[in-house]
Amino acid sequence: MSQHNKTDAVERPVNFIRNIINDDLANHKYERVQTRFPPEPNGYLHIGHAKSICLNFGLAEDYQGFCNLRFDDTNPSKEDLEYVEAIQKDVAWLGFEWHGEPKYSSNYFDQFYAYAVELIEKGLAYVCFLNAEEARAYRGSLTEPGKDSPYRNTSPEENLALFTKMKQGEFKEGECVLRAKIDMASSFMCLRDPALYRIRFEHHHQTGDVWCIYPMYDFAHCLSDAIEGVTHSLCTLEFQDNRRLYDWVLAHLNDFNRPDRPHQYEFSRLNLEYTVMSKRKLHQLVDDHLVSGWDDPRMPTISGLRRRGYTPASLRDFAERIGISKVDSMTGMDILEAAVRDDLNKVAPRSMAVLDPVKVVIENFEGEPLSIQAPVHPQNEAMGKREIFFGRELYIDRADFLEEAPNGKYQRLALNKEVRLRNAFIVKGERVDKDAEGNVTTIYCTYDPETLGKKPADGRKVKGVIHFVEASKALPAVFRIYDRLFTVENPVKADNFESVINTESLVVKQGFVEPGLDNSDPEKAYQFEREGYFCRDNQSGNIQVYNRTVPLRDTWSKK
RNA sequence: AGGGCUGUAGCCAAGCGGUAAGGCAUCUGGUUUUGAUCCAGUGUACCGCAGGUUCGAAUCCUGCCAGCCCUGCCA
């Protein structure tokens with residue numbers, strides 16, 4: 001019990017929130033840690049949510065507390081069951097377990113109502129009949145104080161009666177709201193008598209039609225935290241001002257005016273280069289058919305990244321690498337890509353695929369294709385062997401052949417030059433056939449039969465290695481090569497963000513894979529050697545369709 | 001005089017008065033049947049700027065500059 005820290009050897013990087021928690025525990029402000037991940041079910045989760053999920057659930061794990069999954073469902077006009085289901089799936093896929101059943105803010109609607117009544121009784125809330133435009137005018141501006149609503153001094157008794165009528169549906173939508181009575185001159189705009197409840201005759205996905213008044217975020221969120229016993233309520237920077245309202249509400253309710261009530265802390269949201277993170281923009285991409293859906297592999301959504309081939313481990317590692325702070329930052333894709341490569345390099349079986357095939361004929365090879373046992377992972381023998389073939393007709397990638405080697409650094413196939421075929425023999429380019437346009441149609445080679453699994457006996461050096469597939473056994477396959485969705489680092493800054501979409505963010509290629517991939521599983525990662533990490537598309541059915549997750553690191557083509 | 005925040009290497013990010021961690025990227029060697037991996041090495045960071053306090057400041061104080069957020073009956 002002496003340490004509130006780790007349960008295992010995993011050391012997570014420190015951040016200011018951990019420092020706060022450590023202090024709180026040391027000072028006995030709390031004796032436990034409880035967090036929550038509180039998505040609004042109005043869209044799919046993206047990698048920015050993954051950062052928050054890893055933070056909240058990670059803290060709960062490390063401090064042996066727990067973390068609730070709570071749907072912040074206070075606005076029935078924007079929310080949908082489709083999203084609550086998708087969100088649960090994504091959180092679970094990331095590998096986190098929420099505490100007990102999923103929670104909903106709507107579970108607490110009765111309690112919210114009772115707390116609203118308490119505020120009214122204390123003369124701290126009133127029913128206001130100013131319409132939306134009037135309320136805006138009364139609010140003042142950033143530099144001028146607002147004016148008190150004419151309904152501000154209604155008696156608690158009268159307000160109670162009015163609020164009851166609101167609940168009973170006796171007023172029209174927009175006719176009135178319940179407001180907190182705070183300070184119309186506050187420099188925090190959110191403290192200028194904020195609305196607590198509004199009228200919405202709307203069907204709610206959890207509570208059906210029992211309510212026609214719905215609480216606002218600022219009222220519902222702090223109360224949900226307090227009701228659940230959350231200790232550290234973590235959110236993003238734009239809620240910094242709202243913290244004053246969060247504190248005000250809890251401070252004025254008898255149940256929660258205690259030192260161990262929840263406290264809110266804000267960290268900066270994730271911004272990733274060459275993509276967008278706001279739900280509005282993501283919705284726009286989907287609705288305008290700029291992508292195939294929420295799970296388009298180019299989307300920064302968790303479902304998109306999953307379909308792209310990202311693993312839960314890689315996303316969690318990414319979250320750890322970028323850390324938590326309060327700086328407005330723009331994170332580079334390189335960190336995300338480094339995280340997947342690190343994971344996939346360790347776990348992905350190796351295979352060979354030719355994405356842009358050109359035929360090779362081995363002139364001195366006769367007979368049936370030869371079976372060869374190749375390692376599934378050259379650095380991990382425990383992963384076993386796989387069967388590949390070598391024969392008279394092969395495919396290699398067009399990019400791996402030039403009639404004439406351009407310089408001494410060139411390590412691929414050329415006429416009169418030797419190169420090793422990965423996992424097989426050394427071959428030498430002899431001559432080519434071309435079509436009318438001058439494109440190479442067939443490369444004729446000879447192979448050295450003494451070089452399977454060994455270097456040439458005469459000691460000659462053959463530096464290059466290229467990959468191939470044997471033609472008669474190869475499986476036709478489609479490859480989807482993905483690139484960044486936008487052409488600029490920060491699409492939000494563009495005048496029209498649709499004009500800055502990368503038209504080459506998806507390039508489809510037709511080629512071949514090894515026969516062993518016949519029944520590869522969707523979403524399972526493979527390394528196609530020298531090409532990158534790919535996974536079978538989860539919607540491709542019986543056709544071999546592979547999505548490129550990320551190419552291999554390339555320190556050579558840039559030179 | 002509106003308020004709330006933030007400014008540490010190309011990008012993330014530790015540091016909380018004792019003289020700048022780490023990751024990514026970069027570069028250089030070595031190993032290698034993936035120009036990958038792996039291994040070793042590699043950074044003069046005016047710690048936003050200017051003053052001040054101190055034996056000593058990225059860390060404390062003052063002023064300035066820059067960026068982000070706040071006037072939904074959205075979250």
Side-chain angles (χ1 to χ4, degrees), chain A residues 13-16 19 38-40 42 72 74-75 77-79 128 130-132 135-137 139-146 173-179 185-192 194-200 214 216-218 220-221 235-244 266 268 273 279 320-339 341-342 345-346 350 352 374-375 377-379 409-412 419-426 451-455 462-467 527-532 551-557 559:
Chain A
V14 297
N15 59 53
F16 77 98
N19 292 340
E40 184 187 15
N42 67 346
D72 206 348
T74 56
N75 187 354
S77 37
K78 285 189 172 180
E79 296 152 9
C128 179
L130 253 26
N131 65 35
R136 196 179 323 125
R139 194 155 31 234
S141 74
L142 294 178
T143 51
E144 298 157 30
E173 249 180 48
E175 191 174 351
C176 59
V177 295
L178 181 73
R179 288 227 255 169
S186 174
S187 53
F188 293 102
M189 297 303 288
C190 65
L191 255 25
R192 318 250 263 224
L196 264 24
Y197 267 95
R198 77 290 216 182
I199 298 170
R200 283 277 128 66
Y214 290 94
M216 301 292 292
Y217 164 84
D218 286 302
H221 202 91
C235 63
T236 43
L237 255 26
E238 65 272 25
F239 292 100
Q240 287 177 118
D241 286 358
N242 299 250
R243 186 175 70 241
R244 277 70 185 187
E266 311 87 12
S268 44
E273 284 178 353
K279 277 188 191 169
E320 207 152 283
R321 292 183 189 208
I322 58 175
I324 297 291
S325 75
K326 303 180 73 159
V327 184
D328 283 301
S329 55
M330 180 64 75
T331 298
M333 282 290 200
D334 53 346
I335 301 183
L336 215 209
E337 295 185 342
R341 288 195 186 105
D342 269 15
N345 177 49
K346 282 178 286 185
R350 307 291 112 131
M352 292 194 282
H377 189 128
Q379 277 85 43
K409 296 222 173 199
Y410 184 77
Q411 294 183 19
R412 303 178 179 190
V419 77
R420 164 140 243 143
L421 290 182
R422 176 76 172 157
N423 294 126
F425 302 89
I426 287 173
T451 54
L452 180 61
K454 43 188 180 186
K455 297 187 194 317
V462 176
K463 177 82 172 131
V465 179
I466 64 172
H467 57 96
Q527 186 198 95
F528 290 153
E529 290 186 298
R530 300 209 316 130
E531 290 289 356
L552 256 26
R553 186 160 168 269
D554 180 1
T555 51
W556 147 85
S557 67
K559 290 176 189 172

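Just the heavy atoms: all of them, side chains too, but no hydrogens, waters or symmetry mates, feed the values below. What you see is a predicted model; the values in this text were computed from it and never measured. Within every chain, numbering begins at 1; the chains are lettered A, B, ... in the order of the sequence lines, protein sequences first and strands thereafter.
Using a 4.0 Å heavy-atom cutoff across all strands shown, A/P378 reaches at least one base atom of the nucleic acid. Residue A/S141 is classed as a base contact, given a heavy-atom separation below 4.0 Å to a base. Across all strands, A/L452 comes closer than 4.0 Å to base atoms (heavy-atom distances). Across all strands shown, A/K463 has heavy atoms under 4.0 Å from base atoms, whether or not it also approaches the sugar-phosphate. Base contact: A/L130 has a heavy atom under 4.0 Å from a base atom. In this structure, A/A424 reaches the bases: a heavy-atom distance under 4.0 Å links it to at least one base atom across the strands shown. Within 4.0 Å of A/K454, counting heavy atoms only, lies at least one base atom of the nucleic acid. Among the heavy atoms of the strands lying under 4.0 Å from A/G453 is at least one base atom, whether or not backbone atoms are also near. Heavy atoms of A/V177 sit under 4.0 angstrom from at least one base atom. Looking at heavy-atom distances under 4.0 Å, A/I335 makes contact with a base. Counting any heavy atom pair closer than 4.0 Å across all strands shown, A/A132 reaches a base atom. No engagement by A/I199 is indicated, since no non-hydrogen atom pair under 4.0 Å with the nucleic acid exists. Heavy atoms of A/R136 sit under 4.0 angstrom from primed sugar atoms or phosphate atoms, though from no base atom. Within the nucleic acid shown, A/F239 comes within 4.0 Å of at least one base atom, counting heavy atoms only.
Rounding to the nearest 0.5 Å places SG of A/C128 at 12.0 Å from CG of A/L196. Remark: A/E175 CD to A/I199 CD1 distance equals 6.5 Å, nearest 0.5 Å. Atoms OH and CD, on A/Y217 and A/E40 in that order, are 10.5 Å from each other to the nearest 0.5 Å. Rounded to the nearest 0.5 Å, atoms CZ (A/F425) and CZ (A/R420) are 9.0 Å apart.
The pair A/R553-A/D334 does not count as a salt bridge, with every side-chain nitrogen at least 4.0 angstrom from each carboxylate oxygen. A salt bridge between A/E266 and A/R243 is present, with a side-chain N of the basic residue lying under 4.0 Å from a carboxylate O of the acidic one.
Distance from the side chain of A/E40 is smallest for B/rA75 among the nucleotides B/rC24, B/rA75, B/rU34. Of the candidate nucleotides B/rG35, B/rC24, B/rA36, B/rC24 has the atom nearest to the side chain of A/D334. Closest to the A/R244 side chain, of the nucleotides B/rC24, B/rC73, B/rC5, is B/rC5. The side chain of A/T555 lies closest to B/rA36, out of B/rU37, B/rC5, B/rA36. Of the candidate nucleotides B/rC12, B/rU6, B/rC74, B/rU6 has the atom lying nearest to any side-chain atom of A/V327. Side-chain atoms of A/S325 lie closest to B/rA13 of the nucleotides B/rC73, B/rA13, B/rC24. Out of B/rU34, B/rA75, B/rC5, the shortest distance to the side chain of A/D72 is found at B/rA75.
The residue among A/T143 and A/Q240 whose nearest nucleotide of RNA chain B lies closer to the 5′ end is A/T143. Comparing A/P39 and A/V14, the nucleotide of RNA chain B nearest to each residue sits closer to the 5' end for A/V14.
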Using the rule given for side-chain contact (heavy atoms from CB on, under 4.5 Å), can you reason through A/M216 versus A/T74, listing the C-alpha separation, both sets of side-chain angles and the distance that settles it, and then say yes or no?
CA-CA 7 Å; A/M216 301 292 292; A/T74 56; over 6 Å; no
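Atom CG of A/D218 is separated from atom C1' of B/rG4 by 15 Å (rounded to the nearest Å). Straight-line distance from the CZ atom of A/R341 to the P atom of B/rC38: 11 Å, rounded to whole Å. Straight-line distance from the CZ atom of A/R553 to the C1' atom of B/rA25: 8 Å, rounded to whole Å. One atom, CZ of A/R412, and another, P of B/rA36, lie 12 Å apart when rounded to the nearest Å. Whole-Å rounding puts the A/Q411 CD to B/rU32 P distance at 13 Å. With rounding to whole Å, A/D342 atom CG is found 12 Å from B/rA36 atom C1'. Regarding A/N15, its CG atom lies at a distance of 10 Å from the C1' atom of B/rA13, rounded to whole Å. As rounded to whole Å, 16 Å separates atom P of B/rG22 from atom CZ of A/R321.
Distance noted for atom C1' between B/rG56 and B/rG4: 34 Å (whole Å). Annotation: B/rA45 and B/rA66 have their P atoms spaced 27 Å apart (nearest Å). Across the C1' atoms, B/rG43 and B/rC24 are found 14 Å apart, a figure rounded to whole Å. A gap of 6 Å separates the C1' atoms of B/rC16 and B/rU59, to the nearest Å. The same atom, C1', is picked in B/rG10 and in B/rA25; the two are 7 Å apart, to the nearest Å. Across B/rA36 and B/rU31, the matching C1' atoms stand 13 Å from one another, rounded to whole Å. Taking atom P in both B/rA9 and B/rC5, one finds a spacing of 23 Å when rounded to whole Å. For the P atom pair drawn from B/rU6 and B/rA14, the interatomic distance equals 12 Å after rounding to whole Å.
The backbone N or O of A/I426 sits less than 3.5 Å from a side-chain atom of A/T451, completing a donor-acceptor pair. Side-chain atoms of A/E79 come within 3.5 Å of backbone atoms of A/N75 as a donor-acceptor pair (strictly under, hydrogens ignored). When atom types are taken as modelled, the side chain of A/S329 and the backbone of A/T331 share no donor-acceptor pair closer than 3.5 angstrom.
No aromatic stack links A/Y217 and the base of B/rA75, using centre distance under 5.5 Å and interplanar angle under 30°.
Judged by distance alone, with hydrogens and angles left aside, A/Q527 brings a side-chain donor or acceptor within reach of the base of B/rU34, the pair sitting under 3.5 Å. In terms of polar N and O atoms assigned as donor or acceptor, the side chain of A/R192 never comes within less than 3.5 Å of the base of B/rU71 in a complementary pairing. Residue A/D328 places no side-chain atom within donor-acceptor reach of the base of B/rG7, judged by atom type and a 3.5 Å distance cut-off alone.
Classification of B/rG15 as anti follows from a glycosidic angle more than 90° from 0.
For B/rG15, one of the phosphate oxygens OP1 or OP2 lies less than 4.0 angstrom from a side-chain nitrogen or oxygen of A/N19. Under 4.0 angstrom from either OP1 or OP2 of B/rC73 there lies at least one side-chain N or O belonging to A/R139. Contact check, A/S186 against B/rG3: no side-chain N or O comes under 4.0 Å of OP1 or OP2.
Within the shown strands, B/rG15 is the pairing partner of B/rU8 under the Watson-Crick or G-U definition, both distances less than 3.5 Å.
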